[in-house]
Undergrad: 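Before we start, here is the structure in question, set down as structure tokens.
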Amino acid sequence: MAEFEAYALGKKESYDSSTDQLELLRKKYEGLKEQLSSAEDKVREFSRVKVHESFAVMKLTPELMDEYIESIEIHPGNDVRVIWK
């Protein structure tokens with residue numbers, strides 16, 4: 001579009017629409033890359049959830065704690081509160 005504006009203002013002697021088309025395609029490509037990345041993230045998250053749902057947890061490992069627990073609060077009287085992610 002910048003090429004056409006320059007032509008319309010008399011700053012350029014000619015206008016080649018292929019430059020604008022290329023710019024539009026580049027923007028569309030970037031948008032599609034972002035959508036693909038978002039979709040891949042959702043697939044990974046869905047797969048992770050399905051894997052964790054498919055097995056019974058017998059022990060809370062440090063890895064699982066990092067995955068599911070935001071924080072653990074210990075109050076007077078040994079009252080424990082788990083803040084989940």
Side-chain angles (χ1 to χ4, degrees):
M1 199 62 170
E3 292 285 322
F4 177 75
E5 289 172 356
Y7 170 72
L9 293 173
K11 294 180 182 177
K12 289 187 80 172
E13 293 183 17
S14 64
Y15 168 66
D16 183 5
S17 66
S18 63
T19 304
D20 286 339
Q21 290 174 352
L22 181 62
E23 185 178 331
L24 284 172
L25 288 174
R26 187 174 294 122
K27 286 180 182 180
K28 189 171 188 174
Y29 171 74
E30 291 299 323
L32 290 172
K33 272 182 29 180
E34 288 178 20
Q35 288 178 352
L36 177 61
S37 176
S38 176
E40 288 172 340
D41 291 344
K42 288 178 184 177
V43 167
R44 274 192 294 276
E45 179 67 19
F46 181 74
S47 296
R48 182 189 62 79
V49 168
K50 284 296 180 192
V51 166
H52 288 301
E53 288 176 353
S54 67
F55 67 89
V57 176
M58 302 306 248
K59 182 179 179 184
L60 188 58
T61 63
E63 292 82 14
L64 289 174
M65 288 179 60
D66 289 342
E67 183 83 21
Y68 293 109
I69 296 176
E70 183 74 31
S71 65
I72 299 174
E73 298 173 354
I74 301 175
H75 299 278
N78 289 331
D79 182 27
V80 178
R81 181 173 180 218
V82 177
I83 311 298
W84 301 95
K85 288 185 179 179

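In this chain, numbering begins with 1 at the start of the sequence shown.
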Undergrad: Please report the interatomic distance CD(Gln35) to CD(Glu40), rounded to the nearest 0.5 Å.
TA: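 One gets 12.0 Å once the value is rounded to the nearest 0.5 Å.
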
Undergrad: Can you get from Leu64 to Ile83 by hopping between Ile, Leu, Val, Met, Phe, Trp and Tyr side chains that sit under 4.5 Å apart?
TA: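 No, no single cluster joins them.
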
Undergrad: Is a donor on one side and an acceptor on the other found under 3.5 Å between the side chain of Lys85 and the backbone of Asp66?
TA: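 At least one qualifying donor-acceptor pair exists.
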
Undergrad: Can you tell me how far CE of Met65 sits from OG of Ser71, rounded to the nearest 0.5 angstrom?
TA: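 Answer rounded to 0.5 Å: 10.5 Å.
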
Undergrad: Under 4.5 Å between side-chain heavy atoms, counting indirect links through other Ile/Leu/Val/Met/Phe/Trp/Tyr residues: same cluster for Leu32 and Leu25 or not?
TA: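 Result: no, two separate clusters.
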
Undergrad: Taking a hydrophobic cluster as the set of Ile, Leu, Val, Met, Phe, Trp and Tyr residues connected by side-chain heavy atoms closer than 4.5 Å, whether directly or through intermediates, do Leu24 and Tyr29 fall within one such cluster?
TA: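 No, no single cluster joins them.
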
Undergrad: Measuring from atom CG of Leu36 to atom CD of Glu34, what distance do you get when rounded to the nearest 0.5 angstrom?
TA: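 Nearest 0.5 Å value for the CG-CD distance: 11.0 Å.
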
Undergrad: Any chance you could measure Glu73, atom CD, to Asp79, atom CG, to the nearest 0.5 Å?
TA: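 Result: 9.5 Å between the selected atoms.
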
Undergrad: Inspect the contact between Lys27 and Glu23 and indicate whether a charged nitrogen and a carboxylate oxygen are less than 4.0 angstrom apart.
TA: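 Salt bridge present between Glu23 and Lys27.
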
